Amino acid sequence: MERLRQEYQIDLRWLCFPLHPETPPEGQSLEQLFAGRGMDIPGMLARLEGVAKAENLPFGARSMTFNSRRAQELGKWAETQGQGEAFHHAAFRAYFGEGRNLHDLAVLRDLAQQVGLDPDQAEQVVRDQSFAAAVDQDWQLARTLGLSAVPTFVLNARGLVGAQPYEELARLVAQAGIPRRAHPIQL
């Protein structure tokens with residue numbers, strides 16, 4: 001993402017997506033999540049790990065899934081504090097790299113603190129559901145756009161589903177007619 005911002009005149013934004021919103025607060029095993037669907041969970045995890053490794057993304061041993069709604073709300077708040085990108089990356093690392101429960105207030109407080117946000121204020125934002133409406137709007141937009149997986153990259157009604165190498169993202173941007181910067185910026 002940073003490379004796209006450096007090389008193209010593009011404004012990227014995160015859109016919250018309701019991935020398994022039925023997941024209970026304590027989480028559930030991947031076996032429970034995919035029960036009855038005939039999923040090859042070890043194979044799926046191996047493919048995800050391969051993509052993560054190729055893109056230098058954190059990915060650890062994962063056996064659980066957790067409800068990310070609270071983290072999405074906190075991410076919306078972090079965006080208003082100028083720390084959205086950092087928070088989203090920290091949450092990704094915590095969830096996919098460390099297998100942490102993104103519904104847990106202690107985890108969310110820690111993530112907020114990691115990116116320089118006040119953990120007490122972060123907890124209050126979560127408890128008050130201050131950014132619930134913003135997440136609801138994103139979820140509605142995701143439904144309107146027909147999104148069904150994460151990540152999905154959408155630009156001018158064209159999209160790419162799943163983790164993609166930089167070259168594919170750059171092709172999407174170029175096909176949309178977005179020019180490269182004459183002098184790439186350093187982020």
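Predicted, not measured: the structure shown is a model, and the values here were computed from it.
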With salt bridge (charged side-chain N to carboxylate O under 4.0 Å, His left out) as the criterion, how do D118 and R109 come out once you've worked through the C-alpha distance, each side chain's angles and the decisive distance to 0.1 Å?
CA-CA 8 Å; D118 181 303; R109 286 176 58 90; over 6 Å; no
Over all heavy atoms of both residues, which pair between V161 and A149 is shortest? Give the atoms and the distance, please.
CG1-CB, 3.7 Å
Testing the 3.5 Å rule here: is there a donor-acceptor pair between the side chains of D110 and Q114?
yes
Q72 side chain to W14 side chain, donor-acceptor N/O pair below 3.5 angstrom:
no
Can any side-chain N or O of R127 pair as donor or acceptor with the backbone N or O of E123 at less than 3.5 Å?
no
L105 side, atom CG; R70 side, atom CZ - distance, nearest 0.5 Å:
4.5 Å
For a 4.5 angstrom cut-off between non-hydrogen side-chain atoms, does L155 reach I178?
yes
Single-linkage hydrophobic cluster, 4.5 Å side-chain cutoff, L48 and F153 together
no
Can you see which heavy atom on L33 is nearest to which on E22, and at what distance?
CD1-OE2, 4.2 Å
Do W139 and P18 have side chains that get closer than 4.5 Å, going by heavy atoms?
yes
Please report the C-alpha distance between M44 and R47 in whole Å, then the side-chain angles of each, then the deciding distance to 0.1 Å, and finally whether the side chain to side chain contact (heavy atoms under 4.5 Å, CB included) criterion is met.
CA-CA 5 Å; M44 175 189 68; R47 284 187 300 282; 3.8 Å; yes
Check the angle between the aromatic planes of Y95 and F66 and answer parallel, tilted or perpendicular using the 30° and 60° thresholds.
perpendicular
To the nearest 0.5 Å, what is the distance between CG (L117) and CG (L111)?
10.0 Å
Tell me, do L30 and L45 make a side-chain contact under 4.5 Å, heavy atoms counted?
yes
To the nearest 0.5 Å, what is the distance between CG (L145) and CG (L15)?
7.0 Å
With hydrophobic residues grouped by side-chain heavy-atom distances under 4.5 Å, do F96 and V51 end up in a single group?
no
Side-chain touch R143/Q140, heavy atoms, less than 4.5 angstrom
yes
Are side-chain heavy atoms of E79 and H88 found at a separation under 4.5 Å?
yes
Would R171 and E167 pass as an ion pair if we require N to O under 4.0 Å?
no
Linked, directly or transitively: F92 and V107 (ILVMFWY side chains, under 4.5 Å):
yes
Are any side-chain N or O atoms of S29 and backbone N or O atoms of Q32, one a donor and one an acceptor, separated by less than 3.5 Å?
yes
Grab the two heavy atoms, one from M64 and one from R62, that are nearest each other, plus how far apart they are.
O-NE, 3.3 Å
Tell me, do L19 and P21 make a side-chain contact under 4.5 Å, heavy atoms counted?
no
State the NE2-CZ distance between H103 and R69, to the nearest 0.5 angstrom.
11.5 Å
Applying side chain to side chain contact (heavy atoms under 4.5 Å, CB included) to R93 and E98, what does each step give before you reach the verdict?
CA-CA 7 Å; R93 191 172 43 257; E98 302 163 9; 4.1 Å; yes
Got a second to check how far F131's CZ is from W77's CH2, nearest 0.5 Å?
8.5 Å
Using a strict 4.0 Å threshold on nitrogen-to-oxygen distance, state whether E49 and K53 make a salt bridge.
no
May I ask you to decide if S130's main-chain N or O and D128's side chain share a donor-acceptor pair within less than 3.5 Å?
no
May I ask you to test the I41-F34 pair for a side-chain heavy-atom distance under 4.5 Å?
yes
Which pair of heavy atoms, one from V135 and one from C16, lies closest together, and at what distance?
CG2-SG, 4.0 Å
Would the distance check show the side chain of N101 and the main-chain N or O of P25 forming a donor-acceptor pair, the cut-off being under 3.5 Å?
yes
Could you tell me whether K76 and E73 have a side-chain N and a carboxylate O separated by less than 4.0 Å?
no
Can you check side chain to side chain donor-acceptor pair (under 3.5 Å) on H20 and Q28, steps first, answer last?
CA-CA 11 Å; H20 309 299; Q28 67 184 125; over 6 Å; no
Reported CZ-to-CG distance for the pair F87 and L108, which is rounded to 0.5 angstrom
5.5 Å
How far apart are the closest heavy atoms of A94 and L102, and which atoms are they?
CB-CD2, 4.3 Å
Dump the intermediate steps for side chain to side chain contact (heavy atoms under 4.5 Å, CB included) on T152 and L160, then the final yes or no.
CA-CA 6 Å; T152 297; L160 287 174; over 6 Å; no
Report yes or no: does N67 contribute a side-chain atom to a donor-acceptor pair with the main-chain N or O of T23 at less than 3.5 Å?
yes
Shortest non-hydrogen contact from F17 toward A142
CD1-CB, 3.8 Å
